[in-house]
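Starting from 1, each residue takes its place in the sequence as its number. Nothing here was measured: the structure is a model prediction, and the numbers come from that model.
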Amino acid sequence: MQHSRTSPSAFTLMEMLVVISIITLLISMLMPSLARARDAANSVKCLANLSQIGSAFTAYTDDSRGHLPPYKTPFEPTPKAYWGGLLAKGAYTDPGEPFSCPGYSPPRKPHMQATRTNPELNWFFTQYGMNWQYIGSRMGDLGSNTGGLGAPPAPTPTPLVTQIRRPSETIFVVDSWGIIWAGTGNEAGIAFVGASNAASTTGAPHVRHLGNRGINVLWGDTHASHVTCSIPLNPHTPDALTDAQLSPNDNFWDLK
């Protein structure tokens, strides 16, 4: 008795091309969703960093009779220190990772080499910037001479927490970058930001989340939140972070 044998049918070239096309189509459909999910996860991690920095601010002010840290200490007579370095030096927070936003990957990341023992070196480049014009005055530079002829200026204290009239609506720290490096290949974060679009010549708020329409903020009551900007890459619109050139009651920068 003879038995017939049937051989398994093979993919034709056309069928293989159809399968590849379907797989490619599915991948192309999934990629934007995966990118959005990754962007959202980065934003959440960024908010966690800002919350940690907020806790460090609270601990610092508790130990400083209610005074906020300066955004930068004077150049003289001692080496200067930036606000992040002061928080780390006092062991209120760790250096490195808490100051690195996962949504921003510039060519330069010197802040990751910053240490507790040197609050100046590399701390200039943190990827979160302080509202320096109102929250973190440059302690000492504007002091008045109260020690007699030839005496150095007395340090000007930074603001008290109690001086912030609307803490939940006053910007402490925000995603930052250095505008002066834009397009040079040397983009990096910066430790302080301008409170006005017109005044942001060195450091500025950086809209870098959720398709360049989102920016994360640490507020005066030390809660962190995400702010959506109606215009991509523009944080100073009235529906976003406002501009300090508005009246104190109409912006999120001024202590009043």
Side-chain angles (χ1 to χ4, degrees), residues 49-50 52-96 98-99 110-111 114-147 151-165 167 170-178 188-196 199-205 217-222 224 244 248 252-256:
N49 286 347
L50 288 173
Q52 183 174 339
I53 291 172
S55 298
F57 266 97
T58 299
Y60 179 98
T61 56
D62 286 346
D63 291 344
S64 303
R65 294 181 293 180
H67 284 282
L68 296 162
Y71 86 91
K72 182 178 73 62
T73 59
F75 289 91
E76 299 293 344
T78 57
K80 60 183 178 292
Y82 293 96
W83 66 271
L86 292 174
L87 295 181
K89 184 177 181 180
Y92 301 113
T93 187
D94 294 325
F99 297 88
H111 66 286
T115 65
R116 293 188 191 278
T117 55
N118 190 329
E120 175 186 359
L121 185 64
N122 294 320
W123 284 102
F124 178 84
F125 296 103
T126 59
Q127 293 177 351
Y128 301 116
M130 179 186 277
N131 171 11
W132 71 272
Q133 289 164 291
Y134 298 98
I135 297 299
S137 60
R138 198 157 79 177
M139 187 173 62
D141 281 13
L142 302 178
S144 59
N145 189 329
T146 59
T156 300
T158 53
L160 291 163
V161 173
T162 53
Q163 290 178 264
I164 305 174
R165 301 277 293 276
T170 302
I171 296 169
F172 257 26
V173 174
V174 65
D175 292 335
S176 71
W177 72 317
I190 192 167
F192 47 88
V193 296
S196 168
S200 299
T201 56
T202 55
V217 182
L218 175 68
W219 301 90
D221 60 356
T222 67
F252 294 136
W253 300 89
D254 199 289
L255 297 180
K256 300 177 182 180

Which donor-acceptor pairs under 3.5 Å do side chains of residues 170-178 form with protein atoms, sequence neighbours excluded?
| residue | atom | partner | partner atom | Å |
| --- | --- | --- | --- | --- |
| T170 | OG1 | R166 | O | 2.8 |
| D175 | OD1 | R208 | NH2 | 3.3 |
| D175 | OD2 | H209 | NE2 | 3.3 |
| D175 | OD2 | N216 | N | 2.9 |
| S176 | OG | Q127 | O | 3.4 |
| S176 | OG | G129 | N | 3.2 |
| S176 | OG | I190 | N | 3.4 |
| S176 | OG | I190 | O | 2.7 |

* Asked: Who passes side chain to side chain contact (heavy atoms under 4.5 Å, CB included) against K89, sequence neighbours left out?
  -> P119

* **Y71-N131 side chain donor-acceptor pair, cut-off 3.5 Å** => no

* About how many Å separate CG of L87 and OG1 of T126, when rounded to the nearest 0.5 Å? -> 10.0 Å

* Got a sec, which residues hit side chain to side chain contact (heavy atoms under 4.5 Å, CB included) with E120, two or more places apart in sequence or on another chain? -> P79, K80, Y82, N118

* If we only count heavy atoms from C-beta on, is the L160 to T61 side-chain gap below 4.5 Å? -> no

* Structure fact -> Smallest heavy-atom separation, A244 atom then Y134 atom, equals CB-OH, 3.9 Å

* Asked: Do V193 and W132 touch side chain to side chain, with heavy atoms closer than 4.5 Å?
  -> no

* To do: Look at the side chain of S64 and the backbone N and O of G66, then say whether any donor-acceptor pair between them is shorter than 3.5 Å.
  => no

* Asked: Is the closest side-chain heavy-atom distance between I164 and L68 below 4.5 Å?
  -> yes

* Asked: Short question: side chain of T222, backbone of L218 - any donor-acceptor pair under 3.5 Å?
  -> no

* Asked: Does N122 have any side chain to side chain contact (heavy atoms under 4.5 Å, CB included) partners at least two apart in sequence or in another chain, and if so, which?
  -> P110, Q113, A114

* To do: Write down the atom of P98, the atom of P95, and the distance for their closest heavy-atom approach.
  => CD-O, 3.5 Å

* Structure fact -> Hits for salt bridge (Lys or Arg N to Asp or Glu O under 4.0 Å) against R116, two or more places apart or cross-chain, chain-then-number order -> D94

* Starting at CG of L121, measure out to NE2 of H111 and round the result to the nearest 0.5 Å. => 13.5 Å

* To do: Kindly write out the residues that satisfy ring pair (Phe, Tyr, Trp, His ring centres under 6.0 Å) with F99, not counting sequence neighbours, or none if the list is empty.
  => W83, W123

* OG1-CG distance between T58 and D221, expressed to the nearest 0.5 angstrom -> 9.0 Å

* To do: To the nearest 0.5 angstrom, please state how far the OG1 atom of T93 sits from the CZ atom of F57.
  => 10.5 Å

* If you round to the nearest 0.5 Å, how far is CG of L86 from OG1 of T73? -> 6.5 Å

* Quick one: CD on Q133 to CH2 on W253, what's the gap to the nearest 0.5 Å? -> 8.5 Å

* Structure fact -> Closest non-hydrogen atoms of P205 and G194, given as atom of the first, atom of the second and distance, are CD-O, 3.8 Å

